[in-house]
2 protein chains.
Amino acid sequence: MQSRTPAPRATGRPRSAAADAAILAATRAALVELGWSRLTLSDVAFRAGVAKTTLYRRWAGKNELVVDAVAELFDELELPDRGSLAADVEGVVLQFAAILDRPEARSGLMGAVAEAARDDVLRERIRASIVERQKRLVVEGRARAQERGELPYEEDPRTAARTVDLIFDLVAGAVVHRALVSSEPVDADWAVSLTQVLLLGIAGAAQNPAGSV
Amino acid sequence: MQSRTPAPRATGRPRSAAADAAILAATRAALVELGWSRLTLSDVAFRAGVAKTTLYRRWAGKNELVVDAVAELFDELELPDRGSLAADVEGVVLQFAAILDRPEARSGLMGAVAEAARDDVLRERIRASIVERQKRLVVEGRARAQERGELPYEEDPRTAARTVDLIFDLVAGAVVHRALVSSEPVDADWAVSLTQVLLLGIAGAAQNPAGSV
DNA sequence: CGCTTTCGCTACGGGTCGTAGCGTAACTGT
DNA sequence: ACAGTTACGCTACGACCCGTAGCGAAAGCG
């Protein structure tokens, strides 16, 4: 979320926090109207009502700016206790899908990931500000399921971390792939089917025909 | 794979098939060296040894060109019979990961998906030439597992198609997300863990500690 | 009230875009 | 063999955006 200022100096004129918010909002608006490739920093600066040079003082370039602008979208993800692991998974899947339905998330997220293929610093920035922000939901839901007795406890913290990572990539990856690559809708039915496979496995899900409507 | 020529005319000078191959190869080379954003059509034309105008005669723009260039990468995916559903899944996951390890696939695929957020035609092109090309592997592996008795047959073709789509998005999405978003390695251990969750579900995989090494 | 940093503004060279125009090359049908 | 048709290579063009530099003014701190 932080622009890239290493340390806020104690002296001199402070940076306008309002400008930061305006710039990030303008970036999202530009993503909606123009998409990734046509988005220009000149345009963002105009929309935000700041000078173009101010933008370059805070962000190294388009990639970093968009990552920060998109990362904020995932702040609205929550995980209310819906009573069961299955219900929790279905809920978060639909929430996540709603975010990915917004054009600023689609083009911004994928554009940033594309650029990260050749930029180690950007890749780490994505991992820190987007991936970690979402992964907390898995940790939370998992702990809750363990309290309910729906999932076993894992003693070794390394094994536990690996499980969390796996579940996260499975769920988030499936939703992203379905919505953005396969271009098919993530609706309630699909969320139910996904959850069944996740909890029971492929064969188990086929026996229980709840996903077939 | 086809450029965009609606119908090959019977008269006049035919288009050079060699030029097509050279252009697509040059596109991949440019993706490796420059990435998505710095790739220019002028550069691709120079690498391929053709005039820039030739490029614009065959493809509408960068997006379409890259989709075609990247789609060819997935032709090398195969599904040899490894004896069990689990082994088949693990094998294809590692194959898929090997492709996604190549920089031309990383930046090209994600860049195209990013642009597809605001381009219906491009989205359909991705679906047709990349998604469908991969989905055949799921259909094949599934049929094989049904013959082995590892998976139940589904009579309703609509239900069956939905299952295939779900499994495809789960596996492909998980691999893509792990490799490109989470930026963590897709190795044999992870492939085993993924397969276990897919076949047995989360709880079932935790009981069988094969993925913990 | 000096010191420091940010901000808005203007201007600049450099690069890419996508297209137009022309002469030439390649292939087809009569 | 010849006319018809299409693809190709080449050059040139205006338009746009990039990222930076330089300036005076504004906003905090001691």
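In what follows, every chain begins at residue 1, and chains take the letters A, B, ... in the order their sequences are listed.
A donor-acceptor contact under 3.5 angstrom links the side-chain atoms of A/Arg13 to the base of D/dA26.
B/Asp165 places a side-chain heavy atom less than 4.5 Å from the side chain of A/Arg178. Side-chain contact between B/Trp36 and B/Lys62 is present, with heavy atoms from C-beta onward closer than 4.5 Å.
Side chains of B/Glu115 and A/Ser107: a donor-acceptor N/O pair is absent below 3.5 angstrom, by distance only.
Here D/dC18 presents its C1' atom at 12 Å from CZ of B/Arg38, a figure rounded to the nearest Å. Note: CZ (B/Arg15) to P (D/dT5) measures 18 Å, nearest angstrom. Atom-to-atom, CH2 of A/Trp59 to P of C/dC7 comes out at 10 Å; the value is rounded to the nearest Å. Computed from coordinates, the B/Lys62 NZ to C/dT16 C1' distance equals 10 Å when rounded to whole Å. For the pair A/Asp20 CG and C/dT6 P, the interatomic distance rounds to 12 Å; values are reported in whole Å. As a whole-Å value, the separation of B/Leu39 CG from C/dG15 C1' is 15 Å. Rounded to an integer number of Å, the gap from CG of B/Leu55 to P of D/dC10 is 13 Å. Between the CZ atom of B/Arg57 and the P atom of C/dG18 there is a distance of 16 Å, given to the nearest Å.
Comparing B/Pro14 and B/Asp43 along DNA chain C, the residue whose closest nucleotide (by nearest heavy atom) sits nearer the 5' end is B/Asp43. Checking A/Ser16 against A/Lys52, the closest nucleotide of DNA chain C that is more toward the 5' end is the one next to A/Ser16. Place A/Ser42 and A/Thr53 on DNA chain D by their nearest nucleotides, and A/Ser42 ends up nearer the 5' end. Position along DNA chain D of the nearest nucleotide to A/Gly61 versus B/Val50 favours B/Val50 as the more 5'-ward residue.
You'll find that the side chain of B/Tyr56 is closest to C/dG18, out of D/dG28, D/dC10, C/dG18. Minimum atom distance to the side chain of A/Arg58 is reached by C/dC7, of the listed C/dG18, C/dC7, C/dG8.
The aromatic rings of B/Phe96 and B/Phe74 sit tilted, their planes meeting at an angle between 30° and 60°.
Remark: B/Arg38 CZ is loosely packed, at most 12 non-hydrogen atoms of other residues, nucleotides or ligands lying under 6.0 Å away.
Side-chain N/O atoms of A/Thr54 include one lying less than 4.0 angstrom from OP1 or OP2 on C/dG8.
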